[in-house]
4 protein chains.
Amino acid sequence: MRARSVTEQARRAQIVGAAIETLAGLGYAATSFKQIAARAGLSSTGLISYHFKGKQELVDEVYRQVVRQFADFVLGFMDQSDTAAGELRAFFTANLRFMRAHRSHMVALMQVRPHVSTRGEAGDHRKMADLLRAGRRAGEFREFDADTMAIFLLALRNGVLAKAAEDAALDLDLCERELLTTVALATGAHDMT
Amino acid sequence: MRARSVTEQARRAQIVGAAIETLAGLGYAATSFKQIAARAGLSSTGLISYHFKGKQELVDEVYRQVVRQFADFVLGFMDQSDTAAGELRAFFTANLRFMRAHRSHMVALMQVRPHVSTRGEAGDHRKMADLLRAGRRAGEFREFDADTMAIFLLALRNGVLAKAAEDAALDLDLCERELLTTVALATGAHDMT
Amino acid sequence: MRARSVTEQARRAQIVGAAIETLAGLGYAATSFKQIAARAGLSSTGLISYHFKGKQELVDEVYRQVVRQFADFVLGFMDQSDTAAGELRAFFTANLRFMRAHRSHMVALMQVRPHVSTRGEAGDHRKMADLLRAGRRAGEFREFDADTMAIFLLALRNGVLAKAAEDAALDLDLCERELLTTVALATGAHDMT
Amino acid sequence: MRARSVTEQARRAQIVGAAIETLAGLGYAATSFKQIAARAGLSSTGLISYHFKGKQELVDEVYRQVVRQFADFVLGFMDQSDTAAGELRAFFTANLRFMRAHRSHMVALMQVRPHVSTRGEAGDHRKMADLLRAGRRAGEFREFDADTMAIFLLALRNGVLAKAAEDAALDLDLCERELLTTVALATGAHDMT
DNA sequence: GATGAATGAGGCTTCATTCAT
DNA sequence: TATGAATGAAGCCTCATTCAT
């Protein structure tokens with residue numbers, strides 16, 4: 001993989017940004033190169049093809065970029081905790097906070113996810129399951145199958161974010177409080193402080 | 001809404017059926033009129049346009065039909081219970097059972113949902129919230145905000161089904177057991193028999 | 001391979017015809033769907049894609065059709081002879097006569113040949129070599145390697161046709177007389193009447 | 001025609017060389033500026049446009065250069081003979097030898113020939129016809145029309161080279177022996193030593 | 001001279017939809 | 001009703017070429 005010039009990186013970022021806006025605003029189906037080029041102020045769709053080998057590469061790049069930003073944001077919160085239960089709590093808090101701060105990125109993520117070529121979601125799942133296993137070994141959680149519980153918790157996270165993405169009026173504070181309680185009960189966490 | 005002849009209804013059903021198969025087999029993006037017509041044994045895509053005002057109407061009809069079949073299936077289970085907690089338990093059991101019995105319909109549903117014009121999901125949500133409120137009034141559940149909890153439970157349901165839809169090897173029995181326990185804990189149900 | 005309706009066959013023939021004209025008039029590089037559609041009086045290039053799976057299929061079909069017409073024409077001449085040398089003579093005569101009668105088809109053939117996916121030229125070669133072998137067994141020709149001589153004779157044929165294709169002023173009658181003599185000498189044919 | 005600096009000549013030669021490689025390796029259709037630049041180690045296709053007025057000029061230059069190299073090679077052989085028949089023999093020998101020694105140049109030539117704007121082939125033809133006329137005057141050949149025979153002999157040459165270009169397994173030694181015999185018979189050369 | 005980013009025309013293809021039969 | 005041919009818009013992509021640095 002050859003290096004990319006700074007100019008090129010800037011253009012790619014600009015295009016990815018325009019793609020994110022478009023995805024968030026119009027949905028995946030209506031996100032054509034024409035729309036993206038217009039929103040980015042480019043003179044032709046050819047420029048997009050010039051910087052990305054194909055539509056798939058752009059889509060994948062959008063996904064990677066949002067996911068990375070998202071992961072950075074979330075991990076920033078989680079590092080501060082030292083128990084598994086604490087990390088879990090931080091995980092959900094961070095997710096909702098990201099939603100508040102970067103709504104359109106979140107919506108774009110939801111739109112683009114089904115069309116990504118290689119999803120790193122297996123990673124999400126594995127990390128969550130590992131966290132749960134660690135917590136169980138430490139006696140922080142009740143007895144459950146870690147992989148299955150990981151599915152549940154990620155389902156909760158995804159569902160709540162999806163709801164928030166489509167219903168801007170949702171009360172995220174209430175959601176957050178209830179979510180933490182619910183997760184604590186579901187995992188049998190003695191203490192999630 | 002004018003009446004539809006029996007022949008027309010049959011044709012529409014045939015087309016909707018082929019659309020479901022196609023959605024389940026190829027995904028939304030690859031589900032063109034051409035594919036649907038081929039799978040339905042029709043000799044022209046024109047016939048689809050003849051019976052449906054546009055692609056949107058077909059998509060909506062697919063959604064309505066699968067949702068109705070799904071709802072019928074699920075409600076059949078729930079009628080047999082008389083406590084809210086019991087109904088909740090039946091709800092999740094029924095959902096997973098439907099997944100086992102009508103996998104392709106479920107997958108089609110997941111594919112088509114993002115493209116439906118008017119989702120009846122508000123209905124899903126309302127019903128779930130009502131059930132939860134009733135249960136709370138009866139003292140079956142712990143204290144929570146019913147609307148928020150409804151979001152959580154539907155998120156769980158959707159996430160598990162989505163997972164099952166994309167990973168055919170998922171152990172649904174294990175999932176079911178864990179899910180019932182988890183839901184009971186999350187809602188504080190004293191008894192979910 | 002499903003059957004084709006008569007209408008479809010007509011349209012395909014029309015498109016192939018327009019493609020041949022365009023190839024003969026503008027050369028391969030300038031033969032776009034747009035040009036073909038214009039020459040065929042079609043309202044859009046989409047119609048070409050409707051009748052042919054892709055450009056390659058059209059190109060192949062043009063080739064097949066011209067080659068078949070060409071082969072029919074040539075074989076019509078050759079059937080009348082009973083010696084190998086006579087057939088050879090008829091072959092060259094027929095080739096030049098076809099050039100005179102269907103110039104643009106010949107030119108189109110030259111243009112399209114390098115872009116055909118599966119050339120049946122192996123067939124040409126084999127038939128020619130078989131003819132030469134038969135003639136040698138019958139003692140009509142001198143000693144030579146049949147496969148190599150086949151290459152030579154087909155090279156002669158192709159070269160003369162190519163020359164005639166690009167130079168409309170070429171004296172084909174003179175060419176024909178000289179060619180027959182030359183081939184007779186080259187193959188050591190005792191008699192090519 | 002203004003003078004070209006030595007640097008410029010070097011660059012042009014480099015580009016032409018890369019174009020030849022590309023033509024031989026990928027065929028004309030796939031020979032874009034991008035490919036040529038990549039193979040030449042240039043970092044921009046703009047440089048090609050800078051040194052050549054347009055694609056046509058590059059194509060023509062490739063043709064000119066290969067043809068010159070080819071002509072030099074062939075003429076080197078022919079100078080050593082003093083009879084017309086001897087020169088003819090040397091001509092064919094040299095052609096096949098060039099094919100063996102510079103296969104990719106030969107293939108590139110075949111690829112590029114149809115797209116050259118002003119072919120110098122008239123020159124080839126004239127030279128061959130002159131040689132034949134000289135030979136006839138000297139009584140070395142039988143009676144024939146020199147221009148027509150020139151067409152035949154060049155057709156033979158082109159056809160054999162084309163065959164060799166597309167079929168790497170062709171036995172060139174056998175080809176050469178048969179070709180010399182055949183040409184001798186065709187031209188009625190008493191002696192082609 | 002060289003770079004690499006930008007341009008804009010043009011290519012093929014797919015699609016939902018319309019229309020005559 | 002049903003057919004299948006026709007339509008035209010829109011999509012992505014490639015290409016030679018231009019331009020500022």
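The basis for the numbers below is simple: all heavy atoms, side chains too, and nothing from hydrogens, waters or symmetry mates. Naming: A, B, ... by sequence-line order, numbering from 1 per chain.
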Look at A:Glu61 together with A:Arg64 and state whether they make a salt bridge at an N to O cut-off of under 4.0 Å.
-> yes

Look at D:Ser5 and E:dG1 and indicate whether a side-chain polar atom (N or O) is within less than 4.0 Å of OP1 or OP2.
-> yes

Watson-Crick or G-U pairs under 3.5 Å in DNA chain E, rendered as dot-bracket with [ ] for crossing pairs and | for another strand = .||||||||||||||||||||

Is the cationic atom of B:Lys55 (NZ for Lys, CZ for Arg) positioned less than 6.0 Å from the six-membered ring centroid of B:Tyr28 and within 45 degrees of its normal?
-> yes

Does C:His115 offer a backbone N or O that forms a donor-acceptor pair with the side chain of C:Gln56 under 3.5 Å?
-> yes

Is there a residue in residues 39-54 of chain C whose heavy atoms reach under 4.0 Å of DNA chain F, and which residues are they?
-> C:Ser43, C:Ser44, C:Leu47, C:Tyr50, C:His51

Residue of the set D:Gln69, D:Gln65, D:Glu21 for which side-chain hydrogen bond (donor to acceptor under 3.5 Å, both in side chains) holds with D:His105 = D:Gln69

Count the heavy atoms of every other residue, nucleotide or ligand shown that sit under 6.0 Å from CZ of B:Arg103, and state whether that count exceeds 12.
-> yes

Whole-Å gap separating C1' (F:dG11) and CG (A:Leu58) | 14 Å

Would you mind reading off the distance between B:Lys55 atom NZ and E:dA16 atom P, rounded to a whole angstrom?
-> 4 Å

Please check if any side-chain donor atom of C:Arg11 sits under 3.5 Å from a side-chain acceptor atom of C:Gln14, or the reverse.
-> yes

B:Phe33 atom CZ is separated from F:dT3 atom P, nearest whole Å, by 16 Å

Members of residues 9-24 of chain A that approach DNA chain E, where some heavy atom sits under 4.0 Å away | A:Arg11

Listed nucleotide nearest any side-chain atom of C:Glu8, set E:dT13, F:dT1, F:dA5 | F:dA5

Locate the shortest heavy-atom distance separating C:Ser104 from C:Ala24; write the atom from each residue and the value.
-> O-CB, 3.5 Å

Just how far, in rounded Å, is C1' of E:dG10 from NZ of C:Lys34?
-> 7 Å

If you take all heavy atoms of D:Leu109 and D:Val67, which pair is closest and at what distance?
-> CD1-CG2, 3.9 Å

Kindly say whether D:Lys53 contributes a backbone atom to a donor-acceptor pair with the side chain of D:Glu57 at under 3.5 angstrom?
-> yes

How many Å lie between CD on A:Gln35 and P on F:dC12, as a whole number?
-> 10 Å

